[in-house]
There are 4 protein chains.
Amino acid sequence: MKRDKPKYKQIVDAAIIVIAENGYHQAQVSKIAKEAGVADGTIYLYFKNKEDILISVFKEKMAIFIEDLEEILKRNISTSEKLFKMIDNHFRLLHEDRYYAIVTQLELRQTNKELRMQINGVLKEYLTLLDNILKEGMDNGTLDDSIDIRLARQMVFGTMDETLTSWVMKDQKYDLMKLSVGVHRLIMKALQA
Amino acid sequence: MKRDKPKYKQIVDAAIIVIAENGYHQAQVSKIAKEAGVADGTIYLYFKNKEDILISVFKEKMAIFIEDLEEILKRNISTSEKLFKMIDNHFRLLHEDRYYAIVTQLELRQTNKELRMQINGVLKEYLTLLDNILKEGMDNGTLDDSIDIRLARQMVFGTMDETLTSWVMKDQKYDLMKLSVGVHRLIMKALQA
Amino acid sequence: MKRDKPKYKQIVDAAIIVIAENGYHQAQVSKIAKEAGVADGTIYLYFKNKEDILISVFKEKMAIFIEDLEEILKRNISTSEKLFKMIDNHFRLLHEDRYYAIVTQLELRQTNKELRMQINGVLKEYLTLLDNILKEGMDNGTLDDSIDIRLARQMVFGTMDETLTSWVMKDQKYDLMKLSVGVHRLIMKALQA
Amino acid sequence: MKRDKPKYKQIVDAAIIVIAENGYHQAQVSKIAKEAGVADGTIYLYFKNKEDILISVFKEKMAIFIEDLEEILKRNISTSEKLFKMIDNHFRLLHEDRYYAIVTQLELRQTNKELRMQINGVLKEYLTLLDNILKEGMDNGTLDDSIDIRLARQMVFGTMDETLTSWVMKDQKYDLMKLSVGVHRLIMKALQA
DNA sequence: CATGAATGAGGATTCATTCAT
DNA sequence: CATGAATGAATCCTCATTCAT
């Protein structure tokens, strides 16, 4: 499996750094190769083309988000706590990797429609898990089941996304981790039964 | 004033159509010029460069959003009603101009960081008016004044934005106008005192 | 019409020189542009792509061959004389343009199959005129009408082509024009009734 | 001797197949290696470089042409019969190996000037044998000794070559072997005393 | 004011060849 | 002898912008 080889990871990590530091449009393949410490041509032994690198950047990291969220879902805790853990973990993962935060919140959105469609496909899995928490909450009486599930999801994700993008655009100057409590409280107030 | 001349408006309108129909990356200056019925060079008599056209596209339309919102703020109605009018009017303006909806929610986000910083500058005026509604609500006891104003704003705008983007990405297949009531109710529930 | 503009001809002429001097695979677009005294991008105002330049090189010159041959066909001279004029004129045109001789006899044959198919399409018109001379000769009793017309044509063209290629590969060191009499005599002997 | 080892032949045969099936420009070394069932690097134990493979392809087969022609020359038959046997054998060898026919008549001509010079060197030996037949014919009074020997050779080879190329380009749809009689007759008529 | 022909910088990708194992 | 992962040079084309008319 190619993605288990060390150079695969080297290149994905290099891509994140190069995109974060130079911006999406200035992230040339040769720059990524140099950062990864491999020849330009080596990139193409592991990736079909440049787009394939970008998809992989998103997928590799998103896998961690999904894995964490699946673990949270399995825990024997309340719906409210699950939502808090989701928000807090999501914020934490971006807080811990400032390069990745820039890449997902700003740079990867500059891609063409086709690439974004693929990114959305990956994102969908994450949003489905969020839907599962929301449904569970509506079923167990914690959340207001008269609220449209899609609207609820858009509110949760929209609020998180806007909060994260603002934080990144302000050069991550304030403490993101302090915000998860407030975001959770607001969301719970909006959704509770 | 250049922006009062007929060709200025011709070019801005042409840009919206060309971007919406071809996507941001396929919206060449020559295509915009052709759609506007002017020569390529004429564009540069009215705009500094291509970025300037895009900023203007955003500014011209955003002026209407701001004008409408200022009018709403002046009305002698409750804070809740003001928020509803804001959401409903915002949705309506995008609902009425499907091209502009595509351009703001999808295409204009593919621009580089610098351009988006400028767009955010324009957007800020609109968000300040939203802040004014929120402050007013907190002052008159309608809204919970323990909520951080920035967080409240991010929730309101994030929810609206996520709702609009989903609608555009689903090819505007369902009725956006029906959603304003639900969005307003959710937001009020989250923010009310 | 683009091909009437001076730059069109400039570029075609430059392409012939660059290909002849550097070889087909070393004839970069930028080299052709430099030789033509225009910017790289200007090439693409007159030609769809690099292949289009090469087709045009062949077409432009071949038009002269065809025009001349059509004129020869109309003359009130014997079949033998027509064949001689064809050979002599063909040799003369390549003799007068040493660059074009290299390009057609050596370099243009290195192209891919697709391009050669297109070149053959242009060449076909010339060979059809040759067929007309041969048919006329068979009809008026000058040439042996028991010879397969296709074979006759292949003999005439094959002999000319081999003669020309040998001359070019020997760096055009001997006098090509002296050969047309011998080639004509040999061909007439082979074909005469 | 490297060329006696089994892998040498494997690689040459693989090259013919790969070039015939994919075309010269799509015949990558890695494809040839795969077809031959060896590693890419192994190619370079038997050949100096890619060009060297192509030369060898030509040489290996041309050796058969030459061997056959030498045998024909030794026979106690007339000059006319020798010429017929040469043409008939040449056609037959290409008729029996459709891949090689494609490679020599079409694909190997797409090579650069330098490689074709080398190919011509190999071909020269064959053409010298042809010259010997022609000289013999002129000496024994069968052929017209006033014809320039080089011109005679160009006519013979040019006619054969043009006939073969046409046959290959028409996808070898008609029976090549039936053409040798006609080609021989035409050539004899042209050259006879 | 308006035109549109001309400019020229910039980058993803392929593939022959090498060399450590 | 044999392998195959790694190398890195090399090029066509687009399109925002200019400026002579």
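Just so we're clear, the structure is a prediction, and the values are computed from it rather than from any experiment.
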By nearest atom, which of the nucleotides [options] is closest to the [X] side chain?
X       : options               : answer
A/Leu45 : F/dT7, F/dC13, E/dT7  : F/dT7
D/Lys50 : E/dT3, E/dT17, F/dT11 : E/dT17
C/Ala39 : E/dG8, F/dT7, E/dA6   : E/dG8
C/Asp40 : F/dC15, E/dA9, E/dT3  : E/dA9
C/Asn49 : F/dC13, E/dG4, E/dA6  : F/dC13
C/Thr42 : E/dA6, F/dA16, E/dT17 : E/dA6

Practice task
For B/Gly37 and for D/Glu51, locate the closest nucleotide of DNA chain E by heavy-atom distance; then report the residue assigned to the nucleotide nearer the 5' terminus.
Solution key: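 Result: B/Gly37.
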Exercise for the section: Could you say whether A/Gly41 or B/Val38 is positioned toward the 5' end of DNA chain E, judged by the nucleotide with the nearest heavy atom to each? Expected result: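 Result of the comparison: B/Val38.
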Practice task
Could you tell me whether D/Lys7 contacts a base, only the sugar-phosphate backbone, or nothing, with contacts defined as non-hydrogen atoms closer than 4.0 Å?
Solution key: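 Here D/Lys7 touches the backbone only, sparing every base.
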Exercise for the section: Looking at every strand, decide which applies to C/Val29 at a 4.0 Å heavy-atom threshold: base, sugar-phosphate, or nothing. Expected result: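 C/Val29: backbone/sugar contact only, no base atoms under 4.0 Å.
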Problem - NZ/NE/NH1/NH2 to OD/OE distance under 4.0 Å, A/Lys34 and A/Asp40 - result: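 Answer for the salt bridge query: no.
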Practice task
Would you mind reading off the distance between B/Gln26 atom CD and F/dA16 atom C1', rounded to a whole angstrom?
Solution key: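 Atom CD in B/Gln26 sits about 14 Å away from atom C1' in F/dA16.
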